[in-house]
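Some notes on the structure that comes next.
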Amino acid sequence: MSQAELRGIPRVDRVAGHPSLEEARRTLGTDAVTSLVRRAIGEARERAREGAAIPSVDDVAARVAELAGKMLRARARSVINATGVVLHTNLGRAPLGARAVEAVAASAGRYTSIEIDLDTGRRGRRGAFAEDALAELTGAEAALVVNNNAAAVLLMLSSLAAGRPVVVSRGELVEIGGGFRVPEVMERSGARLVEVGTTNRTRPSDYARALDAHPDAAAILRVHQGNFRQVGFVERPDHRELSALARERGVMLLEDLGGGALVDLEKLGLSEPTVAASVAAGSDVVCFSTDKVLGGPQGGAIVGRSALVARCRRDPLARALRLGRLPLVALEATLSAYLEGDLDAVPALAAMRAPLDALEARARRWCDALSDRGIAASLVELSGAVGGGACAEDPLPSWGVAIEGDPSLIAERLRKGAPPVLPRVQSGRVLLDARTVLPGEDEPLLDAVTRAVSR
Ligand SMILES: *Cc1c(COP(=O)(O)O)cnc(C)c1O
């Protein structure tokens with residue numbers, strides 16, 4: 001391709017003012033559209049050098065419209081979760097209930113008494129209500145809230161064990177996803193990892209020997225195996241045995257519990273221990289997420305002995321990891337629901353607790369409604385999951401519908417629709433699980449399926 005020919009590539013101003021980009025100019029502004037035009041022209045020039053034809057102004061404008069559409073679609077949008085995974089990390093984990101949404105809406109556009117004591121007019125403790133509520137709900141002496149559980153674990157280790165050995169079972173050196181790996185977080189915190197036991201079996205005597213060899217050890221760390229399960233020839237010390245050992249040796253028992261269950265989920269068949277059980281079993285400090293099985297906004301909590309929580313609070317890192325105002329307001333509303341025993345106000349809990357017969361009846365209604373619209377769908381029994389690194393492998397039985405047709409085509413149309421619908425694609429079928437579709441989403445779901453199938 002000669003220089004003269006390359007000069008035939010459309011000029012920036014001619015593309016930027018193209019009538020087909022009217023909508024893009026309105027939503028992104030002319031400067032952003034001009035940047036996309038430069039990118040599209042750069043691509044065209046690159047391709048022309050490799051021998052491709054010189055594109056017309058219309059061609060480049062069409063490419064710019066595509067780039068603009070991609071940029072806009074990357075915004076966080078509300079979607080319908082029909083995957084059956086209640087706490088889907090890629091879908092923002094727990095949806096907030098009406099109480100939390102109202103609290104956020106009431107606070108968002110106004111000034112809020114987040115760090116002022118209205119009784120005295122003096123500076124107050126940020127998160128005081130959430131922390132008092134968490135202490136109450138977990139039986140802990142004190143609590144501290146931060147931005148997420150990864151932050152809570154980092155802060156706990158950094159404040160309480162920097163520069164000192166911390167003993168961890170090799171079976172608990174886990175990776176949670178999104179780059180959270182226990183050995184790496186520990187290294188960042190400044191604590192020194194001492195591995196004990198083997199991948200599948202660790203006994204109290206393993207911890208005891210490590211504490212003998214490291215008399216300056218600060219703590220034993222226990223990590224919940226939330227997102228995988230070991231079966232077969234496995235052994236993990238009883239929690240109380242471990243806390244007795246920690247007490248006897250004068251070291252702390254720290255725990256990364258992951259989920260943060262505030263109510264008993266084991267009666268639902270889910271192997272997710274409560275925070276209260278961990279506190280009662282003698283963990284000195286327990287960290288957990290507030291947007292996993294707790295069902296609140298993104299956040300992390302550190303609960304435990306007051307003196308230890310106070311050390312975490314005083315750490316300068318605590319300021320860097322503090323929880324934002326809007327999630328804090330949402331967390332307070334969620335914890336209020338727990339204090340009142342209004343568990344149905346927490347959508348993730350309601351989804352986990354939904355009775356099977358109600359799910360079956362709902363899926364049957366979807367099936368009938370789709371059949372009435374001429375769409376071939378069948379009622380199916382399903383097995384979902386809690387997700388979010390919680391209750392790994394615990395099946396969450398459910399009901400849903402299977403949609404006939406080309407699964408990848410239908411799934412793509414559902415995903416790209418408005419509202420986007422995320423189905424589960426399994427065994428060559430598109431499945432919609434009734435457990436995770438929120439109340440009030442039935443009609444939008446059925447309309448989206450109708451559009452995706454009959455297009
Ligand atoms: C989920 C999880 C984390 C990370 O929590 P985030 O709230 O996602 O930061 C850490 N540890 C364990 C054991 C977990 O399950």
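For reference, positions follow the sequence shown, starting with 1. Whatever order the structure lists them in is the order used to number ligands and atoms, beginning at 1.
Residues T112 and R325 bring a donor and an acceptor atom of their side chains to less than 3.5 Å of each other.
E187 and R181 are not joined by a salt bridge, as no carboxylate oxygen comes within less than 4.0 angstrom of a charged side-chain nitrogen. Salt-bridge check for R313 with E131: passed, with a basic side-chain N closer than 4.0 Å to an acidic carboxylate O.
Annotation: Q230, atom CD; neighbour count of heavy atoms from other residues, nucleotides and ligands within 6.0 Å is above 12.
Contacts with ligand 1 closer than 4.0 Å are made by side-chain heavy atoms of I176 only, the backbone lying farther away.
Per-residue contacts place F180 under 4.0 angstrom from the following atoms of ligand 1 (heavy atoms of the residue considered): 10 (C), 11 (N). Heavy-atom proximity to H224, at under 4.0 Å, picks out these atoms of ligand 1: 13 (C). Short contacts between ligand 1 and G258, defined as distances under 4.0 Å to a heavy atom of the residue, involve ligand atoms 12 (C), 13 (C), 14 (C), 15 (O). Near S289, the atoms of ligand 1 lying under 4.0 angstrom from a non-hydrogen atom of the residue are 5 (O), 6 (P), 7 (O).
Checked against L370 for a side-chain contact (heavy atoms from CB on, under 4.5 Å), the options I375, V453, L445 give a single hit: I375.
Close to ligand 1: D256, with a non-hydrogen atom less than 4.0 angstrom away. The closest approach between any non-hydrogen atom of R93 and ligand 1 is below 4.0 Å.
For atom 1 (C) of ligand 1, the candidate residues are E272, K292, R222; the nearest heavy-atom contact is made by K292.
The CG atom of L254 sits 7.0 Å away from atom CG of D284, with the distance rounded to the nearest 0.5 Å.
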